[in-house]
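Basis for what follows: all heavy atoms, side chains included, without hydrogens, waters or symmetry-related copies. Throughout, protein chains are lettered first and strands after them, A, B, ... in sequence-line order, and every chain is numbered starting at 1. The structure presented is a predicted model; accordingly, all values stated were derived computationally and were not measured.
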Protein chains: 2
Amino acid sequence: MLSKKSQYAFKALAYLAERYNQGPVLISEISAKKKVPLKFLENILLELKKADILESKKGKGGGYYLKKDPAQVKVVTIVRLVNGPVAMLPCVSLNFYKRCDNCDELSCGLHDIMKQVRDATLDVLENKTLVDLLQMK
Amino acid sequence: MLSKKSQYAFKALAYLAERYNQGPVLISEISAKKKVPLKFLENILLELKKADILESKKGKGGGYYLKKDPAQVKVVTIVRLVNGPVAMLPCVSLNFYKRCDNCDELSCGLHDIMKQVRDATLDVLENKTLVDLLQMK
DNA sequence: AAATAGTCCACAAAGTTGGTGGGATAGCTG
DNA sequence: CAGCTATCCCACCAACTTTGTGGACTATTT
């Protein structure tokens with residue numbers, strides 16, 4: 001499951017994507033409009049900035065804004081950054097790989113199943129961007 | 001990510017699947033062969049019994065054994081039972097549904113994306129059984 | 001200089017995870 | 001029945017993660 005932090009990150013990013021190229025947005029505005037605890041959001045946005053997703057400006061007229069076009073920012077990037085591994089097992093993770101104890105990957109049936117799950121998941125997440133966050137049905 | 005508990009559950013189930021219809025197996029044997037902490041495993045197996053996956057016998061010659069044919073036990077059932085929701089958001093979970101706060105499901109882009117992820121995941125997990133845990137490559 | 005708004009650090013309550021200890025209970029065997 | 005065996009059950013615990021909060025600091029604008 002996605003953490004609250006991840007859900008907050010997506011809410012904030014959706015808000016910023018709607019306002020892409022319209023100048024900086026205040027943390028306090030995002031917090032109020034998206035109902036995300038101000039100080040918690042502060043940490044999240046800072047993290048997204050350090051990861052090169054967002055840019056910020058201090059002082060009057062400052063705030064946060066998207067560094068790249070929303071269509072260029074993949075959902076999977078945000079998930080990995082804020083939430084962690086996409087895979088359900090460390091031994092099938094592409095970005096957070098860690099071998100399992102006492103489990104031979106070649107002969108482990110679970111390994112193979114979870115690799116299929118990973119690929120199916122990535123098939124979706126790799127092809128979604130921040131623009132898809134705004135899509136109405 | 002799957003919890004240790006879930007991984008232990010799958011190890012134990014794989015072991016029992018190999019020995020289907022060969023009588024009860026001791027917790028201590030599974031613990032030793034699969035390197036799972038004995039007492040922890042005890043809890044896990046008991047839970048699987050209460051969920052009607054396993055059956056047990058007390059006293060000499062006792063132990064645990066699969067209640068149904070391994071081919072009839074879906075991996076997704078075990079995941080939900082031991083690990084929890086398959087979906088990445090409560091609001092797209094089939095078995096653990098909970099609506100999100102401040103998020104209209106019809107207009108929430110994340111909701112839609114995560115529903116696609118859920119379906120892709122289920123497509124794999126619904127079609128795997130304990131038999132697949134034993135498959136060599 | 002004053003006001004504004006992000007940056008950074010430290011801490012803390014609550015919940016989850018992973019695991020242990022010890023006794024109760026049920027079944028089998030002589 | 002006595003005694004062994006093996007599961008059942010409850011209670012607890014340490015460590016870690018999650019979800020925050022508080023307060024001071026820094027950079028920018030007016």
Side-chain angles (χ1 to χ4, degrees), chain A residues 1-12 16 23-32 34-67 81-85 88-90 96 100-102, chain B residues 1-12 16 23-32 34-67 79 81-85 88-90 96 98 100-102:
Chain A
M1 299 270 283
L2 291 180
S3 62
K4 284 269 185 192
K5 185 179 168 188
S6 304
Q7 296 179 51
Y8 291 160
F10 278 116
K11 284 192 181 195
L16 291 175
V25 181
L26 293 180
I27 300 179
S28 55
E29 181 186 335
I30 307 175
S31 165
K34 290 294 187 173
K35 310 222 168 124
V36 176
L38 180 71
K39 291 292 289 181
F40 198 8
L41 183 58
E42 220 178 270
N43 300 331
I44 297 168
L45 295 181
L46 192 57
E47 200 176 326
L48 290 170
K49 180 194 171 175
K50 287 181 178 162
D52 238 41
I53 309 290
L54 298 181
E55 197 47 84
S56 68
K57 248 190 87 178
K58 287 185 177 181
K60 185 154 197 180
Y64 275 98
Y65 52 96
L66 274 171
K67 197 166 181 180
L81 192 66
V82 184
N83 206 69
M88 297 185 87
L89 287 178
F96 298 83
C100 346
D101 312 329
N102 324 312
Chain B
M1 299 271 285
L2 290 180
S3 61
K4 283 269 185 192
K5 185 179 167 188
S6 304
Q7 295 179 50
Y8 291 160
F10 279 116
K11 284 192 181 194
L16 292 175
V25 181
L26 293 181
I27 300 180
S28 55
E29 181 185 337
I30 307 175
S31 165
K34 290 295 188 173
K35 311 224 167 122
V36 176
L38 180 72
K39 291 291 289 181
F40 199 10
L41 183 58
E42 219 178 273
N43 300 331
I44 296 169
L45 295 182
L46 192 56
E47 200 176 325
L48 290 170
K49 180 196 172 174
K50 286 180 180 163
D52 238 41
I53 308 291
L54 298 181
E55 196 48 82
S56 68
K57 249 189 86 177
K58 287 184 178 180
K60 185 152 196 177
Y64 275 98
Y65 52 97
L66 274 172
K67 197 166 181 180
V79 170
L81 192 66
V82 184
N83 207 69
M88 297 184 87
L89 287 177
F96 298 81
K98 211 164 163 301
C100 346
D101 312 328
N102 325 310

Identify the pairs formed between an N or O of the protein and an N or O of nucleotides 18-20 of chain C at a distance under 3.5 Å, and give each distance.
| from | atom 1 | to | atom 2 | distance (Å) |
| --- | --- | --- | --- | --- |
| C:dG18 | OP1 | B:K4 | N | 3.2 |
| C:dG18 | OP2 | B:K4 | N | 3.3 |
| C:dG19 | OP2 | B:Y8 | OH | 3.0 |

Dump the pairs, protein N or O against N or O of nucleotides 25-30 of chain C, anything under 3.5 Å, distances to one decimal.
| from | atom 1 | to | atom 2 | distance (Å) |
| --- | --- | --- | --- | --- |
| C:dA26 | O4' | B:K58 | NZ | 3.1 |

Quick one: side chains of residues 48-56 of chain B, donor-acceptor pairs under 3.5 Å with protein atoms, not counting sequence neighbours, listed by atom name and distance.
| from | atom 1 | to | atom 2 | distance (Å) |
| --- | --- | --- | --- | --- |
| B:K49 | NZ | B:S56 | OG | 3.0 |
| B:D52 | OD1 | B:K67 | NZ | 2.9 |
| B:D52 | OD2 | B:K67 | NZ | 3.4 |

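Taking atom CD of residue A:E42 and atom P of nucleotide D:dG22, one finds them 12 Å apart after rounding to whole Å. Distance B:M1 CE to D:dT17 P: 12 Å, rounded to the nearest Å. Between the CG atom of B:L54 and the C1' atom of D:dA6 there is a distance of 15 Å, rounded to whole Å. Separating the CD1 atom of A:I27 from the P atom of D:dA27 is a distance of 17 Å, rounded to the nearest angstrom. For the pair A:I44 CD1 and C:dC8 P, the computed distance is 16 Å after rounding to whole Å. Between A:K49 atom NZ and C:dA5 atom P there is a gap of 16 Å when expressed in whole angstrom units. Going from atom CG of B:L46 over to atom P of C:dA24 covers 18 Å, rounded to whole Å. Between the CD atom of A:E47 and the P atom of C:dG6 there is a distance of 17 Å, rounded to whole Å.
Between the CE atom in A:M88 and the CD atom in B:Q7 there is a gap of 10.5 Å [rounded to 0.5 Å].
Looking at residues two or more places apart in sequence or on another chain, you find a side-chain hydrogen bond (donor to acceptor under 3.5 Å, both in side chains) between A:K39 and A:E42. Residues passing the side-chain hydrogen bond (donor to acceptor under 3.5 Å, both in side chains) test with B:S3, sequence neighbours excluded: B:S6, B:N83. Under the side-chain hydrogen bond (donor to acceptor under 3.5 Å, both in side chains) criterion, A:K60 pairs with no residue at all, not counting sequence neighbours. Shown here are the side-chain hydrogen bond (donor to acceptor under 3.5 Å, both in side chains) partners of A:K5, two or more places apart in sequence or in another chain: A:E47.
Residues A:L41 and A:A12 share a closest heavy-atom pair of CD1-CB, 3.9 Å. Closest approach of B:G61 and B:P24 over heavy atoms only: O-CG, 3.5 Å.
As judged by a 4.0 angstrom heavy-atom cut-off over every strand, B:L26 is placed among residues touching the sugar-phosphate backbone only.
Of the two residues contacting DNA chain D, namely B:S56 and A:N83, the nearest-nucleotide position lying further toward the 5' end is that of B:S56.
Judged as a ring-ring contact (aromatic ring centres under 6.0 Å, His included), the pairs with a partner in residues 34-59 of chain B (not counting sequence neighbours) are, in order, B:Y8-B:F40.
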Check the pair A:V25, A:I30 against side-chain contact (heavy atoms from CB on, under 4.5 Å), reporting the backbone distance first and the verdict last. CA-CA 7 Å; A:V25 181; A:I30 307 175; 3.8 Å; yes
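Remark: the backbone N or O of B:V36 is paired with a side-chain donor or acceptor of B:S31 at under 3.5 angstrom.
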Output field dot_bracket for DNA chain D (Watson-Crick or G-U, both distances under 3.5 Å, | for other-strand pairs) contains ||||||||||||||||||||||||||||||
